[in-house]
Amino acid sequence: MTESTDRTAGIRAFYEQFRARLDAEDTEACVLFALARLDAGELDIVELYEQVLAPAAREQHCSRRGRQLCIWEEHVRTSIIRTVLECCLPHLMKSRRQRSGDISRGRVVIVCPTEEYHELGARMAADLFTLCGYDVTFVGANTPQQEIVDAALLLHPSYIGVSVTNPYNLLAARRIIQHLREVRSRTGAGFRIVVGGQAFEQHPQLVGELGADQLLRGYDDILRLGGDKQ
Ligand code: B12
């Protein structure tokens, strides 16, 4: 086995171990497990987010209860994973400083349209922007259109990230993107409109049709925005 297949197998094992703790709805065990792997260098932040936490959140079957998750269980799991993310903040910031020092690549505002209540992916994307050296304002779920425009005008971001999970919310996303484009040409604001989330990933042809500048799928795409790969 090569070093990289060893690492992949190790991460798969960490995923299973994390899932067992998540299925048991044991917040403390989930947090301690994640922090211990980061402390030991067995996982880095990106591996933890994209190969452990995100797939665990997407998994809709509870092996302990042997059935599909109910909505209340999805809420519980989302909340546990969010706690894990928040406890990883010191690691995230340390890793950012090691990669980019104290430089800032500009501000990013991350929003979800009205009625979009899935916000964990948006939150992870916000953290991954932070890791890549951006200053991030995470607004999150269910944000009214005018509020997004107000934030854009006040904060002068380099990027506005619109996250959509439920395809029904693509219509609201279209309205937001159109409105942001109008504001951009009227005011000369320099922000780019980037989009992400499962709805866009499933329908990438809509990215241009809706008027967005770019689809970003995760860390590698965010890193490439700055024009370099670390
Ligand atoms: C948790 C969950 C919920 C929770 C959300 C809680 C919360 N606070 O976020 C609750 C219970 C509220 C919920 C509600 C609903 N849900 Co739901 N939910 C899920 C579930 C299980 C996990 C979503 C998640 O957190 N994923 C983990 C994150 C980390 O992954 P991600 O979203 O893919 O994000 C990654 C990338 O996409 C990217 N990314 C995301 N956004 C952005 C933005 C930018 C700028 C960038 C760069 C990157 C980026 O980065 C992330 C990290 O890699 C999914 C199942 C699944 N397969 O995903 C269903 C799922 C998304 N839900 C679904 C549905 C249907 C609903 C409801 C309509 C159900 C109902 N009948 O009530 C409602 C709709 C609510 C609404 N109006 O928004 C469907 C969507 C179906 C479809 N057509 O695609 C899914 C796929 C389940 C299914 N298979 O049917 N849900």
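Read the numbers this way: they start at 1 and go in the same order the structure lists the ligands and their atoms.
A salt bridge does not link R77 with E73: every distance from a Lys NZ or Arg NE/NH1/NH2 to an Asp or Glu carboxylate oxygen is 4.0 Å or more. Using a 4.0 Å cut-off between charged side-chain N and carboxylate O, R7 and E47 make a salt bridge. Salt-bridge annotation for R21 and E28: absent, with no side-chain N of the basic residue lying under 4.0 Å from a carboxylate O of the acidic one.
In terms of protein heavy atoms, atom 47 (C) of ligand 1 is closest to L216 CB, 3.4 Å. Of the protein's non-hydrogen atoms, I71 CD1, 4.5 Å is the one closest to atom 71 (N) of ligand 1.
On a distance-only criterion, Q60 and ligand 1 share at least one N/O pair closer than 3.5 Å. For the pair E50 and ligand 1, the shortest N or O to N or O distance does not fall below 3.5 Å. The distance criterion of under 3.5 Å between nitrogen or oxygen atoms is not met by R217 with respect to ligand 1.
Within the listing of ligand 1, atoms 36 (C), 37 (O), 38 (C) sit less than 4.0 angstrom from a heavy atom of E201.
Within a 4.0 Å radius of atom 56 (C) of ligand 1, the protein contributes at least one heavy atom.
Within the 4.0 Å heavy-atom criterion, the part of T78 lying near ligand 1 is the side chain and not the backbone.
Evaluated for a side-chain hydrogen bond (donor to acceptor under 3.5 Å, both in side chains) with E116, the options N166, N169, T143 yield exactly one hit, N169.
Note on ligand 1: Q202 sits in its first shell, one or more heavy atoms being nearer than 4.0 Å.
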